Every structure is written in C-alpha cells, then in structure tokens.
2 protein chains.
Amino acid sequence: MTRKEQVHQEAKLLFKEKGYIGSSMRDLANNIGIEASSLYNHVKSKEELLQNICFDLADQFLKAIQEVNAQKYANASDWIRHAMLNHLKVVADNLEASAVFLNEWRFLSGDAMDKYLDFRKTYGGMYRTAIRNGVEKNEFRKDLNPNLAAINILSTMNWTSNWYQENGKENIEDISKQFFDLILKGIKA
Amino acid sequence: MTRKEQVHQEAKLLFKEKGYIGSSMRDLANNIGIEASSLYNHVKSKEELLQNICFDLADQFLKAIQEVNAQKYANASDWIRHAMLNHLKVVADNLEASAVFLNEWRFLSGDAMDKYLDFRKTYGGMYRTAIRNGVEKNEFRKDLNPNLAAINILSTMNWTSNWYQENGKENIEDISKQFFDLILKGIKA
DNA sequence: CCTACCGATCGGTAGG
DNA sequence: CCTACCGATCGGTAGG
C-alpha cells in the first residue's frame with residue numbers, strides 16, 4: 001500500500017469514528033505517524049478525502065446494479081433479490097466507507113453535493129421502477145405504494161453498515177437472503 | 001416560548017442541518033439574535049443541548065411504547081402495529097430532534113453515551129421479544145430470524161426522519177399502516 | 001517529509 | 001444580555 005492509499009484508508013476509519021467535521025488533519029496524520037503538513041503531499045484538501053470515499057463507493061454500487069440489469073430478469077422479484085445481494089456485498093466489503101457515505105455526505109460542497117444527490121436519486125429510482133414493474137405484472141400487491149416499498153428496502157440496506165460486523169457468525173449472503181424474504185413475504189406465517 | 005426554550009428549539013434545527021460538531025455556539029446565538037456568551041445564561045454547555053435533545057426524545061419513545069404494553073395485546077401483530085404507529089407519530093412530531101437523535105448521539109460523552117446505548121438496546125429488545133412471541137404462537141413464520149426482522153422494522157422507522165416532511169400529501173398514520181403491511185405481508189401479490 | 005507558521009474560529013469565562 | 005478576552009485548535013502554506 002502506498003502512503004497515499006494509506007492516507008485514504010485511514011481517513012475512512014477516522015471519518016466513520018469521529019465524523020468528517022470532528023476529524024482533524026492532525027488526528028489523521030497522527031494515526032499514520034507523520035506530521036499534518038505532510039498529508040498535503042498526497043492529498044489536495046480534507047474535502048478531497050471525503051469526495052473520494054463517497055464517489056468510489058457510488059461507483060461500486062453502480063457497477064453492482066449494472067451487473068443485475070445486464071441479466072434482463074423477467075421477474076421483478078429476481079431483480080430485487082439480486083440487487084439486494086450485490087448492494088449488501090458492497091456494504092459488507094466497505095463497512096467504514098459505507099458509514100461515511102451515509103452519514104457524512106452532507107459536508108460535501110457545491111458540485112460534489114449535487115452529484116451525490118443525483119446518484120442517490122437515480123439509484124433509488126431503479127428500485128422504485130422494479131417495484132412498479134412487479135405491480136403491473138401482478139407479481140406484487142396492487143395496493144402497493146412503490147415509493148414506500150422502495151424506502152423499506154433501502155432503509156434496511158443502508159442501516160446495515162451500522163450494525164454488521166464480519167465476525168464469522170453470519171455471512172452477508174445469508175443476511176441478504178433473509179432480508180429479501182422479509183421484503184417479499186413479510187413476517188406472517 | 002421562553003428564551004431558554006428558544007435556545008433548545010434552535011439547537012435542534014442547527015444540529016440537524018450542520019451536525020453537532022459543525023454547529024458553533026456563535027451560529028446558534030446568531031440565529032437567535034444574541035451574543036454567543038449570552039447563551040450560557042440559559043445553558044450550561046454545548047453538550048447539555050445535545051443531551052436534552054436525545055433524552056427528551058428517548059422519553060417520548062418510551063412513553064409511546066409503554067402505552068402499547070398497557071394494552072396487553074394477545075397478538076404479536078397488534079403489538080407491532082400499534083408500536084410502529086406510536087413510534088412514527090413521535091418521529092413525525094419531532095423531525096429535527098429525531099434526526100439529531102439518530103445521527104449525533106455518538107458525540108455524547110461518558111455516562112450520557114452509556115445511558116443512550118442502554119435505551120437503544122432496551123427499546124430494540126422489546127421488538128425482538130414481540131417477534132419471538134409471534135413465532136412461538138405460530139403467528140409468524142417459524143424460520144424467522146427475530147433479530148433481522150426487528151432490524152427491518154427499526155431501520156425503516158429510523159430512516160423516516162430523513163425523508164418525511166409534513167406537506168399535507170401523506171399523513172403519518174397512512175404511512176405507518178403501509179409500512180406495517182410491508183413488514184407483515186411483504187410486497188408479494 | 002519536516003519545521004515554523006498564518007489567520008480564523010472554537011467553547012467557554014470574567015466582570016459588569 | 002453585552003464587551004472583552006482566554007488558550008486551544010483548525011485547515012492549510014512557505015520553504016527547505
């Protein structure tokens with residue numbers, strides 16, 4: 001790992017733990033074992049670190065969902081099952097970045113913020129569309145509000161970075177399957 | 001509204017918008033129209049503001065769920081339906097405080113943090129227990145993981161403060177009913 | 001990658 | 001509720 005990669009890696013841990021504003025460049029430098037001023041040989045500004053974390057992850061979420069779209073599933077259920085699995089795999093592989101992505105994006109400035117919100121809107125839109133398709137094909141309940149159904153899915157997936165820890169007890173494929181069953185069939189016997 | 005109440009009210013708005021660390025006492029004073037030093041006639045410290053926001057809301061969540069427990073429902077479904085409704089009503093009535101409660105609690109210090117985490121654990125535990133009861137009575141699927149089912153409910157409710165706005169279009173009772181149907185029956189036709 | 005430093009801002013206090 | 005101020009810390013730069 002180059003020093004530059006190390007700086008970006010350490011920033012994820014620090015921003016998750018203390019928040020973006022609560023993390024100082026001196027904290028970050030200290031965790032690496034150099035002086036704060038030396039960070040600027042690897043990074044233009046503090047915000048560049050935040051932008052990299054957010055947009056690297058957005059790219060991963062996008063690739064994960066494009067893989068699903070490429071399958072051209074006939075059933076909306078299949079699309080959702082696969083999309084949830086791929087999303088949760090990205091979260092599980094990037095727990096710190098996921099927490100930063102969700103909690104610190106509001107400190108992005110100007111264009112970066114716009115770009116970020118665009119991504120979130122587009123990404124959520126794909127779930128809403130999948131659900132609407134499922135309703136039209138009578139695959140899903142016709143009294144469904146696609147907006148709220150999408151929020152149910154996205155909320156649960158987003159929250160995952162707050163509690164999931166790779167500890168060998170449960171793997172993310174199992175969790176994804178169980179969440180999908182909850183979304184599809186609910187808890188009722 | 002007394003000045004003291006005004007300070008606490010303004011703190012909710014500011015902490016939600018800029019985060020706890022990102023909000024300065026000078027910002028807060030400026031929004032009210034006084035000098036920063038004058039705030040300390042009404043408040044002991046910045047953290048006292050955060051503690052009040054978090055624990056006032058925790059009290060409201062607790063009262064809301066105690067009302068549900070007092071009903072002594074025979075069905076787990078009824079308990080969950082009513083608990084969700086009461087929880088979401090508190091969120092809808094306290095949108096700013098709810099966002100602060102969820103996003104800024106990590107800046108609580110020492111005992112306050114412990115007390116906060118205790119509350120979250122106890123509160124989540126009541127949902128897990130309700131779900132386990134429902135499974136035992138064959139009201140819910142017996143292959144259910146009560147932990148993940150509770151996370152599904154709590155995630156969706158927690159996320160509400162991020163998107164819900166009282167704008168006359170949808171009232172929280174409708175939303176609560178639709179979320180409950182999603183939790184109970186899922187999206188499947 | 002470091003030393004030395006900049007102007008700005010922070011939470012909070014003294015004293016009236 | 002204000003003026004005046006404290007020591008600490010912030011992101012970042014100059015120059016080597």
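Both backbone and side-chain heavy atoms feed into the values below; hydrogens, waters and symmetry mates do not. Proteins get letters first, then strands, A, B, ... in listed order; numbering begins at 1 in each. Small disclaimer: the values here were computed from a predicted structure and weren't measured.
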On the six-membered ring of B:Phe55, is B:Lys115 placed so that its NZ or CZ lies under 6.0 angstrom from the centre and within 45° of the ring axis? yes
N-O pairing of A:Lys177 and A:Asp174 below 4.0 Å: no
Looking only at side-chain N and O atoms, does A:Glu67 offer a donor or acceptor that is under 3.5 Å from a partner on A:Gln71? no
Heavy-atom check, side chain of A:Thr122 versus side chain of A:Phe119, under 4.5 Å: no
To the nearest 0.5 Å, how far apart are CG in B:Asn152 and CD1 in A:Ile187? 9.0 Å
Taking only residues two or more places apart in sequence or in another chain, which ones pass side chain to side chain contact (heavy atoms under 4.5 Å, CB included) with A:Ala36? A:Arg26, A:Ala29
Please tell me if the side chains of B:Leu50 and B:Trp105 come closer than 4.5 Å, counting only heavy atoms from C-beta onward. no
Could you tell me whether the side chain of B:Tyr127 reaches within less than 4.5 Å of the side chain of B:Trp79, counting heavy atoms only? yes
Is it the case that the ring center of A:His87 lies less than 6.0 angstrom away from the ring center of A:Tyr123? yes
Near DNA chain D, counting only heavy atoms under 4.0 Å, which residues of residues 7-36 of chain B show up? B:Ile34, B:Glu35
Pair pattern of DNA chain C in dot-bracket, where unpaired bases get dots and | marks partners in another strand, Watson-Crick or G-U under 3.5 angstrom: ||||||||||||||||
Consider only side-chain N and O atoms of B:Gln51 and B:Glu47, and report whether a donor and an acceptor are under 3.5 Å apart. yes
Span of DNA chain D in contact with chain A (heavy atoms, under 4.0 Å): D:dC10 to D:dT13
So which of residues 37-49 of chain B are in contact with DNA chain D, with a heavy-atom cut-off of under 4.0 Å? B:Ser37, B:Ser38, B:Asn41, B:His42
A:Lys46 (side chain) donor-acceptor with A:Ser23 (main chain) under 3.5 angstrom: yes
Please collect all ring pair (Phe, Tyr, Trp, His ring centres under 6.0 Å) contacts where either partner lies in residues 2-44 of chain B, sequence neighbours excluded, each pair once. B:Phe15-B:Tyr20
